[in-house]
Colleague: 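Here it is: the structure, laid out below.
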Amino acid sequence: MRVKKNSGELITFDPKALKRSLTKSGAKKEEVEEVFTCVSNDLYDGIPTKDLYKIAFDYLKKYRNSYAARYSLKRALRDLGPEGYFFERWIGRVMQSFGYESLNSQIVQGNAVKHEIDIVAVKDNRLIFCECKFRNDEDAKISVTTPMYFLSRVKDVQENTYRFFGRELKLSKGFLVTNAYLTTDSINFANYYGVGLISWNYPENYNIKDLVDNAALYPITCLTTLTKEQEKKLLEKDCILVKDLIKNPSILNDLNISSDLINSVLEEANELMQVDKITEPFFE
């Protein structure tokens with residue numbers, strides 16, 4: 001059995017990978033087995049990955065909206081596009097959730113030129129600069145030229161002192177953050193030169209997928225009970241995380257939706273937050 005990626009490449013279907021992704025949805029063991037069996041029965045040789053995802057999504061949604069929401073995280077991150085502005089906002093909110101103070105789109109003076117930094121974050125005496133690379137293609141990879149370029153920017157600013165949040169600090173580390181994948185060369189280059197990396201599946205235990213699932217840092221675009229237009233309106237009101245909605249549920253009144261739908265949205269949102277929080281440091 002083979003599946004077809006967006007690029008047209010045919011790869012061998014991995015049933016273990018499907019079962020792992022279903023388990024990550026939060027579904028119970030017996031529910032995972034039932035969904036896995038149903039999905040397997042609907043597969044055919046050469047099925048596009050987007051069709052495979054849609055089949056699994058629909059089966060999970062029959063059990064709970066929150067299962068489908070967790071399963072759709074990768075798609076939800078792409079929905080923070082198309083330009084990536086809201087992805088940068090989301091990463092800033094993720095860092096705040098781990099105790100950092102953060103600002104988006106800051107101009108700093110390097111030794112040679114000025115630089116626009118996507119995210120500036122401070123925790124204690126630690127100053128972090130983040131470069132965000134957003135991709136719409138679910139199979140996109142960040143090549144080695146990107147960390148090379150980012151390293152040159154880091155070198156231009158690392159000796160200078162900057163004032164943020166009332167503190168005079170030098171750069172502690174630069175992080176390249178992406179919702180895409182990383183090539184082996186990009187990982188090797190960044191690790192050799194000390195550039196931090198956070199991608200969809202790298203590093204182990206601290207990749208975007210694990211950080212979000214383990215700390216319930218779901219973007220509002222995860223919710224399956226809202227339309228894309230309704231999600232966009234919430235994003236424009238700075239409701240970036242699902243937990244923002246729980247803290248301020250009255251914002252749903254601005255969408256002019258029924259009370260029944262509001263209740264469904266809040267039920268899904270609260271279910272998404274029912275995870276064990278991690279305590280390990282982030283961006284260290």
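On a predicted model such as this, the values are computed, not experimentally measured, just so you know.
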Colleague: Do Val195 and Val177 belong to the same hydrophobic cluster, where Ile, Leu, Val, Met, Phe, Trp and Tyr are linked whenever their side-chain heavy atoms lie under 4.5 Å apart, directly or via other members?
Modeller: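 They do not share one cluster, since no chain of ILVMFWY contacts under 4.5 Å joins Val195 to Val177.
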
Colleague: Among residues two or more places apart or on two chains, list those pairs meeting side chain to side chain donor-acceptor pair (under 3.5 Å) that have a residue in residues 257-268.
Modeller: Thr224-Glu268, Thr225-Glu268

Colleague: Are any side-chain N or O atoms of Glu88 and backbone N or O atoms of Tyr85, one a donor and one an acceptor, separated by less than 3.5 Å?
Modeller: no

Colleague: Mind checking salt bridge (charged side-chain N to carboxylate O under 4.0 Å, His left out) for Arg89 and listing every partner two or more places apart, or none if nothing turns up?
Modeller: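 Arg89 satisfies salt bridge (charged side-chain N to carboxylate O under 4.0 Å, His left out) with Asp238 only.
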
Colleague: Ignoring hydrogens, what is the shortest heavy-atom contact between Leu241 and Leu217? Give both atom names and the distance.
Modeller: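 Nearest pair, atom of Leu241 first, then Leu217: CD2-O, 3.6 Å.
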
Colleague: Quick check: do Ile198 and Phe175 have side-chain heavy atoms less than 4.5 Å from each other?
Modeller: yes

Colleague: Do Lys74 and Trp200 come close enough that some side-chain heavy atom pair is under 4.5 Å?
Modeller: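 Sidechains of Trp200 and Lys74: in contact.
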
Colleague: Ignoring hydrogens and angles, write down the donor-acceptor pairs under 3.5 Å from the side chains of residues 139-150, residues two or more places apart or on other chains.
Modeller:
| from | atom 1 | to | atom 2 | distance (Å) |
| --- | --- | --- | --- | --- |
| Asp139 | OD2 | Asn6 | N | 3.3 |
| Ser143 | OG | Thr145 | OG1 | 2.9 |

Colleague: Report yes or no: does Asn207 contribute a side-chain atom to a donor-acceptor pair with the main-chain N or O of Ser199 at less than 3.5 Å?
Modeller: no

Colleague: Restricting to non-hydrogen atoms, name the atom on Ile208 and the atom on Leu77 that form the minimum distance, rounded to 0.1 Å.
Modeller: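 The answer is CG2-CD1, 3.7 Å.
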
Colleague: Quick one: CG on Asp210 to CG on Asn201, what's the gap to the nearest 0.5 Å?
Modeller: 9.5 Å

Colleague: Is the shortest side-chain N to carboxylate O distance from Asp213 to Lys209 below 4.0 Å?
Modeller: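 So Asp213 pairs with Lys209 through a salt bridge.
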
Colleague: Please table the atom pairs, donor to acceptor, closer than 3.5 Å between any side-chain atom in residues 109-117 and protein atoms at least two apart or in another chain.
Modeller:
| from | atom 1 | to | atom 2 | distance (Å) |
| --- | --- | --- | --- | --- |
| His115 | ND1 | Arg153 | NE | 3.3 |
| His115 | NE2 | Val113 | O | 3.4 |
| His115 | NE2 | Asp156 | OD2 | 2.6 |

Colleague: Could you tell me whether a side-chain N or O of Asp244 sits under 3.5 Å from a main-chain N or O of Ile240, the two making a donor and an acceptor?
Modeller: yes

Colleague: First locate atom CG of Asn248, then atom CG of Leu234, and finally report the distance between them rounded to the nearest 0.5 Å.
Modeller: 10.0 Å

Colleague: Are Val108 and Phe164 close enough that some pair of their side-chain heavy atoms sits under 4.5 Å apart?
Modeller: yes

Colleague: Can you find a heavy atom in the side chain of Ile128 that is under 4.5 Å from one in the side chain of Met95?
Modeller: yes

Colleague: Return yes if some donor-acceptor pair links the side-chain N/O of Lys243 with the main-chain N/O of Asn270 below 3.5 Å, else return no.
Modeller: no

Colleague: Just to verify, what does Ser72 make a side-chain hydrogen bond (donor to acceptor under 3.5 Å, both in side chains) with, not counting sequence neighbours?
Modeller: Arg75

Colleague: Suppose the criterion is salt bridge (charged side-chain N to carboxylate O under 4.0 Å, His left out): which pairs have a residue in residues 222-236, not counting sequence neighbours?
Modeller: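 Every pair satisfying salt bridge (charged side-chain N to carboxylate O under 4.0 Å, His left out) with a residue in residues 222-236: Asp79-Lys228.
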
Colleague: Can you name the residues that form a salt bridge (charged side-chain N to carboxylate O under 4.0 Å, His left out) with Asp14, not counting sequence neighbours?
Modeller: none

Colleague: I'd like to check the side-chain hydrogen bond (donor to acceptor under 3.5 Å, both in side chains) partners of Ser186; sequence neighbours left out, ordered by chain and number.
Modeller: Thr183

Colleague: Would you say Lys5 has more than 12 foreign heavy atoms packed within less than 6.0 Å of its NZ?
Modeller: yes

Colleague: Which Ile, Leu, Val, Met, Phe, Trp or Tyr residues join Phe36 in one cluster when any pair of side-chain heavy atoms under 4.5 Å counts as a link?
Modeller: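 Same cluster as Phe36: Met1, Val3, Ile11, Phe13, Leu18, Leu22, Val32, Val35, Val39, Leu43, Tyr44, Ile47, Leu52, Tyr53, Ile55, Phe57, Tyr59, Leu60, Tyr63, Tyr67, Tyr71.
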
Colleague: Lys170 and Glu159: side chain to side chain contact (heavy atoms under 4.5 Å, CB included), yes or no, with the steps?
Modeller: CA-CA 7 Å; Lys170 285 190 174 183; Glu159 298 303 323; 4.3 Å; yes

Colleague: Quick check against the 3.5 Å criterion: does Asn253 have a side-chain atom that pairs as donor or acceptor with the backbone of Ser250?
Modeller: yes

Colleague: Any heavy-atom pair between the side chains of Glu271 and Arg64 that's under 4.5 Å?
Modeller: yes

Colleague: Does the side chain of Asn205 come within less than 4.5 Å of Leu211's, by heavy atoms?
Modeller: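 No, their side chains stay 4.5 Å or more apart.
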
Colleague: Can you name the side-chain hydrogen bond (donor to acceptor under 3.5 Å, both in side chains) partners of Asp45, sequence neighbours left out?
Modeller: Arg2

Colleague: Rounded at 0.5 Å granularity, tell me how far CG in Leu80 sits from CZ in Phe86.
Modeller: 8.5 Å

Colleague: Is there side-chain contact between Ile91 and Ser102, with at least one heavy-atom pair below 4.5 Å?
Modeller: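 When only atoms from C-beta onward are counted, Ser102 and Ile91 do not touch, as no gap falls below 4.5 Å.
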
Colleague: From Lys54 NZ over to Asp51 CG, what is the distance, rounded to the nearest 0.5 angstrom?
Modeller: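 So the NZ of Lys54 and the CG of Asp51 are separated by 9.5 Å.
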
Colleague: Testing the basics here: between Phe98 and Ala215, what is the closest heavy-atom pair and its distance to 0.1 Å?
Modeller: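 Answer, listing the atom of Phe98 first, then Ala215: CZ-CB, 4.2 Å.
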
Colleague: Shortest non-hydrogen contact from Leu169 to Asn125?
Modeller: CD2-O, 3.6 Å

Colleague: Which residues pass the salt bridge (charged side-chain N to carboxylate O under 4.0 Å, His left out) test with Lys237, not counting sequence neighbours?
Modeller: Asp254

Colleague: Can you tell if the side chain of Asn104 reaches within under 4.5 Å of the side chain of Asp118, non-hydrogen atoms only?
Modeller: no

Colleague: Quick one: list whatever passes salt bridge (charged side-chain N to carboxylate O under 4.0 Å, His left out) with Lys19, sequence neighbours left out.
Modeller: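 Applying salt bridge (charged side-chain N to carboxylate O under 4.0 Å, His left out) to Lys19 gives Glu33.
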
Colleague: Give a yes or no on whether a salt bridge exists between Glu31 and Lys29, defined as a side-chain N under 4.0 angstrom from a carboxylate O.
Modeller: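 No, Glu31 and Lys29 are not salt-bridged.
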
Colleague: How far does CG of Leu182 sit from NZ of Lys133, to the nearest 0.5 angstrom?
Modeller: 12.5 Å

Colleague: Applying side chain to side chain contact (heavy atoms under 4.5 Å, CB included), run through Tyr193 and Val154 and close with a yes or a no.
Modeller: CA-CA 11 Å; Tyr193 286 103; Val154 170; over 6 Å; no

Colleague: With Glu101, which of Arg126, Arg167, Arg93 fulfils salt bridge (charged side-chain N to carboxylate O under 4.0 Å, His left out)?
Modeller: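 That would be Arg167; it is the only one of Arg126, Arg167, Arg93 passing the salt bridge (charged side-chain N to carboxylate O under 4.0 Å, His left out) with Glu101.
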
Colleague: Is it true that a side-chain atom of Ser172 and a backbone atom of Leu127 form a donor plus acceptor pair closer than 3.5 Å?
Modeller: yes

